[in-house]
Every structure is written in C-alpha cells, then in structure tokens.
Enquirer: 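One structure is given below, represented as structure tokens, and several questions about it will come after.
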Amino acid sequence: MATKEICIATVASRSGNTVEGDIIVIRDPLPYIGLKEGTNYLWFLVDDTALPSRETLSGSSTKWRYNVPLADLKARVAALDLDRLRNSRDWYQPLQDTNPDTGLHRVSNTPIDISANVTDKESV
Amino acid sequence: MPSARRTGTNENISTYGGGGRDYTALAVWEAATDVDLVTAAQSEVLECYDDAVFDDNVTLQSATTSADYFRIIRPASGQKHNGTPNSGVRFNSTTDVQLIFINENYSQVQDIVGTLTINSGNSRIIFLLSGERASAIGCIAVDGANSGAGIVRGFQANVGTAVIVDCISINNDGDGFFFAGDAADDSNTYNCTSVNSGGYGFNINGNATHTLKNCLASGNTTADFNGTAGGSSTNNASSDATAPGTSSRTSQTFTFADTGSDDYHLAASDAGAKGFGTDLSADSAYAFDDDIDQETISTWSIGADAQAVTAGTGGGFMFRRRRRM
C-alpha cells in the first residue's frame with residue numbers, strides 16, 4: 001500500500017463544471033497546500049490500493065470522472081462537519097489540520113481507504 | 001510593437017509553487033477559473049515560482065475566452081528561465097498525459113520549461129495546443145522520454161489556429177514540433193528551434209496550412225523538417241537539406257553558445273542563422289518583436305534567440321535585463 005494525497009471539491013465551482021465530491025487531484029503527499037486551496041476543497045491522505053489512476057481523472061462528458069459523495073466521507077470520518085466543508089468562506093481542513101496562514105499541514109491523517117466510495121461517472 | 005507574450009485585459013493574478021503560494025496544484029487553479037471570462041470581463045493568470053521542479057500537469061479547457069479575456073500560465077517576475085532549460089519555472093511530469101494542454105481559444109503558456117518522463121504505450125506531448133490562437137510562447141520542451149512503446153513530442157498544434165513563438169525543443173525522443181489538423185486548422189510557428197529530437201525537428205502532417213517562419217532545426221534524427229509547409233513559410237534553416245519555404249538555408253552549420261549545457265543561444269560567431277531572419281514585427285498573423293530572452297529584436301535571426309552572444313569558457317551567456325510589458 002502506498003499513500004497518496006487527494007483533493008476533493010466540497011463546493012461546486014463558479015462555472016459549475018466541478019461539482020461537490022469531484023476528485024481533482026491525486027498526488028504524492030506534500031507538506032502543504034496553497035492558500036487558495038483550503039476553501040472549497042478537502043485534502044487528505046488515502047490508501048492508493050484501489051484508487052483511480054491519476055491519468056484518468058478527466059472525464060469525457062464531464063470535467064471530472066470520479067466523485068466521492070461527502071456523505072460517504074462523513075460515514076468514514078464521523079467528525080467531519082459537512083456544513084463547514086460546504087462553506088466557501090470557511091478554511092476547514094480538519095484531516096491534516098492545515099494552517100490557514102501558511103498552508104502547512106500540522107498532522108497527517110491515517111490514510112483512508114475510499115475505494116468503495118468512489119463513483120465512476122462513466123460507469124453510471 | 002507587441003511582445004510575443006500577450007497580456008490579458010483586467011488580469012486577476014494567482015500564484016503557484018511551493019508552500020505559501022496560492023496554489024500548489026495546477027488543476028485546482030484551472031477548475032477555479034474555467035468560467036465565462038468574457039462576461040466577467042476578466043483574464044485569469046497563474047504566475048509560477050521556481051520553488052521546485054514540479055511533478056504536475058494541466059489541461060486548460062471549458063473557459064469562455066476571447067482575444068481580450070483569456071488565461072495565462074507564466075513565471076512570476078524574476079522567475080523566468082534564462083533561455084536554457086536549467087533555470088526558471090520547470091515541470092517534470094511523470095503522469096501519462098500531456099504536460100500542459102491548452103484546449104481553449106486564446107489562452108497561453110509562456111516561458112515555462114517542461115519535461116515528460118513516462119513509461120507508456122501512448123505518445124504524449126509536453127506542450128499541446130488545440131484552439132483558436134492557443135499559444136506557447138518562450139517555452140522550452142526538453143528531454144521528453146518514454147521508456148514504453150510510445151514517444152514524447154515537444155510541441156504539437158492540433159485543431160485550431162495555434163501559435164508557437166520563441167520556443168525550443170531539445171532532445172525529446174519524438175518530434176520536436178508536430179503539426180496535425182484538417183483544413184482551416186492553420187497554425188503559425190515563428191522563431192523556434194528544434195534540436196536533437198529522436199524524430200523530426202518539425203513534422204508537418206494533415207491538411208491544414210502550417211506556416212513556419214524563422215525556424216531552425218539541427219541534428220534531428222529522422223530529418224530536420226518534414227512535410228509541406230504553408231505557402232508563406234520563409235527564412236527557415238536546417239543542418240540537412242530539408243528547410244522549407246522561401247529564403248531557406250539548408251545544410252547549415254550552426255554555432256551555439258554551449259550545447260553541452262543545453263544552451264542554444266546563437267554564438268557571436270554563428271554564420272548559419274544569425275541575421276538571416278525576416279522581420280515579423282508587423283506579421284499579419286502574429287506580430288511580435290522579442291525573442292526567447294524577452295529581448296527586443298533589433299537584428300532578426302533564425303531560431304528562438306535573436307541576439308548572438310560571445311561564447312565564453314564553459315559556454316557562457318550574458319544575463320540580460322528582462323523587459324516586462
């Protein structure tokens with residue numbers, strides 16, 4: 001098992017092309033995120049065993065191919081506050097306790113296996 | 001006179017790089033800015049910092065753009081490369097997709113150094129352009145390598161009227177520049193340099209009109225140029241016999257500043273390309289007046305570098321003040 005860092009949209013984008021739950025980034029973990037990446041998105045570590053390939057994140061008929069319903073995430077992490085995730089004005093990165101002033105993660109969450117929660121829009 | 005690096009109207013600038021920047025993932029910025037920029041009367045710009053060599057990639061698509069309002073990826077002030085791939089904002093992507101794919105009209109990638117290192121049965125492109133006036137300006141595609149069955153090309157113009165200016169392709173395992181598309185998918189490639197590709201330097205395919213002016217190709221494995229260039233192509237040069245268009249210079253010997261360091265600035269002693277370019281400052285398709293170093297061109301040469309330098313020991317080059325539009 002390898003660990004990856006994933007970014008999921010928690011708010012639909014201005015254009016509407018990105019919807020809540022869309023997987024936007026899968027990457028090797030970094031110790032930080034950007035100062036504009038802490039709202040509208042949730043970053044956390046995942047077990048990559050059954051993750052989609054990062055080469056396939058773009059959809060053919062939608063901007064993003066894969067989606068993780070936030071309710072499913074909350075079922076795995078009960079402490080997640082969905083209202084805060086959905087608030088564009090709220091810097092809320094609880095899984096890695098990311099500092100909003102620097103973007104630095106203060107902790108690393110135990111990688112979460114979300115493979116059972118990923119919807120492939122092109123298989124629906 | 002316009003710089004090759006166009007600026008958008010009413011630019012909203014975000015930063016990209018390591019810790020402390022606005023964005024650390026190109027895709028997040030892209031997703032946040034793929035809006036109707038024309039209605040918003042705003043251009044979106046991502047200014048990148050040389051904080052690391054980034055393993056990242058992006059496709060720009062879905063934004064509504066125009067000649068005034070579009071998206072740009074470019075270095076922040078003081079972060080630009082020095083005309084070689086050894087400095088500036090650099091990406092080395094290991095993901096089996098294009099590195100930077102401009103798939104919308106008018107948007108530009110400027111002065112970025114890119115590499116793709118993959119193991120894939122697919123062929124990929126470091127800078128892929130598809131859209132009306134989708135542009136790569138001052139970019140360097142270097143050492144693209146595919147250890148699988150596919151290859152890596154430096155630049156490719158697909159559907160739409162792409163623009164490639166002041167760019168260099170060095171040592172990619174496929175073609176340096178590849179042109180495709182059907183009729184009306186015309187492109188303009190000006191003052192570019194393609195060296196040591198595993199395929200062609202400039203490879204023209206399809207039924208579109210691909211115009212090459214002031215392009216230099218040398219040491220490319222299959223041949224320097226291939227295919228039929230557009231009728232107004234002119235002042236191209238090659239180390240072999242293939243340079244197309246009017247006023248072409250074939251079987252040339254070029255003298256560069258320091259090839260061992262991937263420095264393809266023209267040496268002062270160069271007799272193959274220096275001073276043999278045509279003036280494109282009033283070009284009807286894409287007028288511009290600066291080279292890969294963003295120096296105003298006084299003597300037009302062939303290739304990405306217009307101002308020859310005196311090669312010093314170890315292959316030096318002069319540091320020039322960068323002009324900012």
Enquirer: What part of A/L104 is in contact with chain B, defined as an atom under 4.5 angstrom from a non-hydrogen atom: side chain, backbone, both or neither?
Expert: neither
Enquirer: Would you call the rings of B/F179 and B/H210 parallel, tilted or perpendicular, taking 30° and 60° as the class edges?
Expert: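 Aromatic pair B/F179/B/H210 classed tilted.
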Enquirer: Of the backbone (N, CA, C, O) and the side chain (C-beta and beyond), which part of B/S120 lies under 4.5 Å from a heavy atom of chain A, both, or neither?
Expert: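 Neither part.
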Enquirer: If you count heavy-atom pairs under 4.5 Å with chain A, which of B/V97, B/T64, B/V35, B/D34 comes out on top?
Expert: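 Of B/V97, B/T64, B/V35, B/D34, B/D34 has the most heavy-atom pairs under 4.5 Å with chain A.
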Enquirer: With respect to chain B, which residue among A/W64, A/Y32, A/Y41 yields the maximal number of heavy-atom pairs within a distance under 4.5 Å?
Expert: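 Of the candidates given, the most pairs with chain B belong to A/Y32.
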Enquirer: Could you look at B/D36 and say if it's the side chain, the backbone, both or neither that has a heavy atom under 4.5 Å from chain A?
Expert: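 Neither part, no heavy atoms under 4.5 Å.
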Enquirer: Which bit of A/T18 is near chain B, if near means a heavy-atom gap under 4.5 Å: side chain, backbone, both or neither?
Expert: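 Only the side chain of A/T18 comes within 4.5 Å of chain B.
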Enquirer: Measuring from atom CG of A/L85 to atom OG1 of A/T39, what distance do you get when rounded to the nearest 0.5 angstrom?
Expert: 11.5 Å
Enquirer: Excluding sequence neighbours, so at least two apart, what forms salt bridge (charged side-chain N to carboxylate O under 4.0 Å, His left out) with B/R6?
Expert: none
Enquirer: Is the NZ or CZ atom of B/R90 positioned over B/F54's six-membered ring, under 6.0 angstrom from the centre and within 45° of the axis?
Expert: no
Enquirer: Who passes salt bridge (charged side-chain N to carboxylate O under 4.0 Å, His left out) against A/R76, sequence neighbours left out?
Expert: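 Salt bridge (charged side-chain N to carboxylate O under 4.0 Å, His left out) list for A/R76, sorted by chain: empty.
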